[in-house]
Undergrad: 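Got a structure for you, written out below as structure tokens; questions coming shortly.
Values in this document were obtained by computation on a predicted structure and should not be read as measured data.
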Amino acid sequence: MKDIIRFENVVKNYGKVKALTGISFSVTEGRIFGIFGPNGAGKTTAIKIILGILKHDSGNVVIGTDNLSYLPEELSLDQSERVKTMINYIAKLKGIKSKIRDKELDKWEKILKIKEFYKRKIYELSKGQKKRVMFLLALLGNPDIIALDEPFTGLDAEAAESLKNLVTGLKSEGKTIIFSTHILEIAENICEDVLILKNGEVKEYGEVESLKEKYSQKGWIVKLKEGSIKENSVKDMIFTKDGKSVEFSDNTPLDEIIKKISPANIVEIKRKYPNFKELYFKSVGEE
Amino acid sequence: MITVFLYELRRTLRSPWFYITCLLLPAILFLSVKLPEFIVGQINSESQGVKIIIDNKTEFGELIKKEIENDPFIDNWEIAFKSEDTGESDKTIIHLIENNDQIIVRMKKRNEVYESVIKRAIENSYFIKTLSSKGMSRDEIMRLKQGVNIRFLTEKEKIRKGASKYMVLMFLVVFYISIMGYGELLAHRVMTDKETNFINILLLYKKPEQIFTGKLLAVVSGYLIYLIISFGFTLLTLKFIMGKEAGTFVKLFLNTGIKTELLLFVFILFFFSFIMYSSFYLLSGAIANNEDDLKGHSTIINFVLIASLIIGSIFVNTPDMGIERLLFYIPPVTPFLLLKDILFETISNFNIVLGFSIIMIFTLIFIKLASLKYNVSSLYKRG
């Protein structure tokens, strides 16, 4: 797979405020790429530069396609317009012919289920329904890159779950998804590559699994057979919260662990990695 | 640009206030005709009627009578040269009362239309009487009269302004109210697009110049449609309030003595001026970050427009002076002075082209300035 986005020493300032201080990264085609960071880190600026709606001050930006789409964090459509009118308007802006538009609408209808409120005005929709409409608008025109700025904000668990499934579904169609979110649990499940920014600087960048390795505490988790060892009966062992597993530091040799617990009591032994949350907070220097 | 234009035009035409404003002009007209009539009627019921003192001599009496009789708008009136009062009557009767000292036009009820016709008859009579004595034919005199600003002054009462002046004044007032209303609408839309992030969607597919030109033309086109609808409603209102006399009133109103080709120029000037003034508001919307910013900007623009209106009005009735030439090059004032010059035919073709160029160049500059606010990259082709 080739790179579809490449940033080389990209700088962007808003007056005296440094939004991006010479960042470099690349995004591989067909991957789900998450951009994370605290408020004011430069996430939206980076996304806008990718989309070409904001000019960078210096550095190189290379984008491998002209067909991009964007769902901003807070997008408010003309409240008095009907859903259908809005869809037609955006389709025309994107230069999509009506026959192709209708085919695309039929395709996305199975997932987004919007047809039932085509004739409704935007203000008559719930927050989740509005988000679905906006998602549809972003998907029209079969874009190669879809940039989603905080797409999960304000959604209930069910809506967030269906959106998450949609994003992973898009990946299977070969789309490149760029998104930023504060909801790290969701990000952990769907992100393949991440860019963590703080104050316009790259704090971490790479494949999620590799980064987890990098930040791992080199530990082991040993799952015990039910009722084999009781928590209070042994010393020098740290049990997990559920009391079903025991944790060992990475410098404990494996044969010593096996000797200590006895193979008959072990269900499985696996590496212990920090979760995405730990990775994120450690990289931005916050606990 | 066309997609943005059509969408924005649709938005304009769908809004309820659009139809409310369409009814506003007829409503104002209705009140402006009916209210003074009602008030004057109340006063006249206690007095002997309004007297307009025309002249201190009787030498124009017969000529005035002829002029009024030849007037195409005279059909619905009765004219009498009597010295006695006819007493109460439902009809509006004009009495030309002759005596040794003066000619008096007496009406049972004050009526602006009738007054204008009488005034014009008197003006024509004055010219015929005065100039025919010098051997000129009536046609020659009437040709000479065209384009001459006649001020027919009475000794004791103010003479109302002629229909052409009235039209120009109405034109300017309506123009300025409209530009402020529609301009602020445009500024608000541009600012809202930014506030709601919708501009970021538009910018993905269209250049800022295309977006803004589309919005600008949509608002101006919306205004032209408003004018047509409003004019239709106004005619209906006139028909309702004036009956058969509505036609007379419209003819009088349009009887400006301005050549048709000049009127065409005036219309084109109106259109381009509207676009230029709207582009000021467009820029204000593009640089405003919120509603408060927008109010501040609109106040400044409204102030500039009113100042231009005042400056322009000052120069409408004054002879050409050096300062006027200088003001001609200041964009907010240019349309005024160009309008005046076109109406009075005191401008060369070169200066007409120059005036239009100033208007168009500044419109493009303002659109460009608004576009620069959106610092988009050239990574992708938009169009």
Side-chain angles (χ1 to χ4, degrees), chain A residues 5-7 10 12-14 44-45 47-57 59-82 85-86 88-96 121-122 130 134 137-138 140-141 143-147 149-150, chain B residues 1-19 185-186 188-215 218-219 286-287 289-291 370-383:
Chain A
I5 297 167
R6 198 162 65 243
F7 268 45
V10 174
K12 177 68 194 173
N13 298 322
Y14 296 109
T44 303
T45 301
I47 287 178
K48 283 185 175 176
I49 291 173
I50 291 170
L51 294 164
I53 56 177
L54 191 65
K55 206 174 184 176
H56 53 287
D57 297 335
N60 285 327
V61 176
V62 182
I63 311 290
T65 178
D66 258 358
N67 194 359
L68 299 95
S69 202
Y70 180 39
L71 179 62
E73 181 180 358
E74 285 174 30
L75 173 64
S76 180
L77 302 170
D78 188 350
Q79 298 297 304
S80 60
E81 280 296 358
R82 292 187 195 283
T85 310
M86 216 63 224
N88 290 346
Y89 179 43
I90 297 292
K92 276 183 188 165
L93 278 174
K94 292 187 179 188
I96 306 166
K121 291 188 173 177
I122 302 288
K130 277 183 194 166
M134 289 189 271
L137 297 178
L140 283 174
D144 298 321
I145 297 175
I146 304 165
D149 199 357
E150 297 286 353
Chain B
M1 189 188 86
I2 294 167
T3 309
V4 177
F5 166 76
L6 291 174
Y7 176 75
E8 293 291 334
L9 181 63
R10 190 179 160 278
R11 268 177 92 186
T12 308
L13 301 184
R14 277 183 63 241
S15 60
W17 66 262
F18 176 80
Y19 296 98
L185 169 78
L186 177 64
H188 192 263
R189 281 190 184 171
V190 172
M191 196 273 294
T192 310
D193 275 354
K194 195 160 52 173
E195 221 174 34
T196 58
N197 267 320
F198 196 67
I199 189 72
N200 290 326
I201 305 291
L202 296 174
L203 287 171
L204 266 179
Y205 311 106
K206 302 287 169 196
K207 291 175 189 162
E209 291 88 344
Q210 292 174 317
I211 298 167
F212 291 143
T213 309
K215 282 178 182 287
V219 166
I287 59 176
N289 290 319
N290 51 49
E291 204 76 44
S371 306
L372 286 176
K373 184 71 188 163
Y374 298 91
N375 192 14
V376 294
S377 77
S378 50
L379 284 171
Y380 316 107
K381 281 180 187 171
R382 296 177 171 87

Undergrad: Where on A:Thr85 is there a heavy atom nearer than 4.5 Å to chain B: the side chain, the backbone, both, or neither?
TA: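 Just the side chain, heavy atoms under 4.5 Å.
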Undergrad: Can you sort out the partners of B:Thr196 under side-chain contact (heavy atoms from CB on, under 4.5 Å), two or more places apart, ordered by chain and number?
TA: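 So B:Thr196 forms a side-chain contact (heavy atoms from CB on, under 4.5 Å) with A:Ser76, B:Thr192, B:Phe198.
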Undergrad: Please report the shortest heavy-atom distance between B:Ile201 and A:Pro72, naming the atom on each side.
TA: CD1-CD, 3.7 Å
Undergrad: With only heavy atoms counted, which part of A:Met134 is less than 4.5 Å from chain B, the side chain, the backbone, both or neither?
TA: neither
Undergrad: Which bit of A:Ile90 comes within less than 4.5 Å of chain B, counting heavy atoms only: side chain, backbone, both or neither?
TA: side chain
Undergrad: Rounded to the nearest 0.5 Å, what separation is found between the CD1 atom of A:Ile53 and the OH atom of B:Tyr205?
TA: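 It is 10.0 Å, given to the nearest 0.5 Å.
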Undergrad: Could you check A:Tyr89 against B:Leu202 for side chain to side chain contact (heavy atoms under 4.5 Å, CB included), going step by step and ending with a plain yes or no?
TA: CA-CA 10 Å; A:Tyr89 179 43; B:Leu202 296 174; 3.6 Å; yes
Undergrad: Would you compute the distance between atom OG1 of A:Thr44 and atom CG of B:Asn200 and round it to the nearest 0.5 angstrom?
TA: 9.5 Å
Undergrad: Taking only residues two or more places apart in sequence or in another chain, which ones pass salt bridge (charged side-chain N to carboxylate O under 4.0 Å, His left out) with B:Glu209?
TA: B:Lys368
Undergrad: Could you walk me through whether B:Tyr374 and A:Lys55 satisfy the side chain to side chain contact (heavy atoms under 4.5 Å, CB included) test, starting with their C-alpha distance in whole Å, then the side-chain angles of each, then the deciding distance to 0.1 Å, before giving a yes or no?
TA: CA-CA 9 Å; B:Tyr374 298 91; A:Lys55 206 174 184 176; over 6 Å; no
Undergrad: Pick from B:Leu6, B:Ile2, B:Thr3: which one makes a side-chain contact (heavy atoms from CB on, under 4.5 Å) with A:Lys92?
TA: B:Thr3
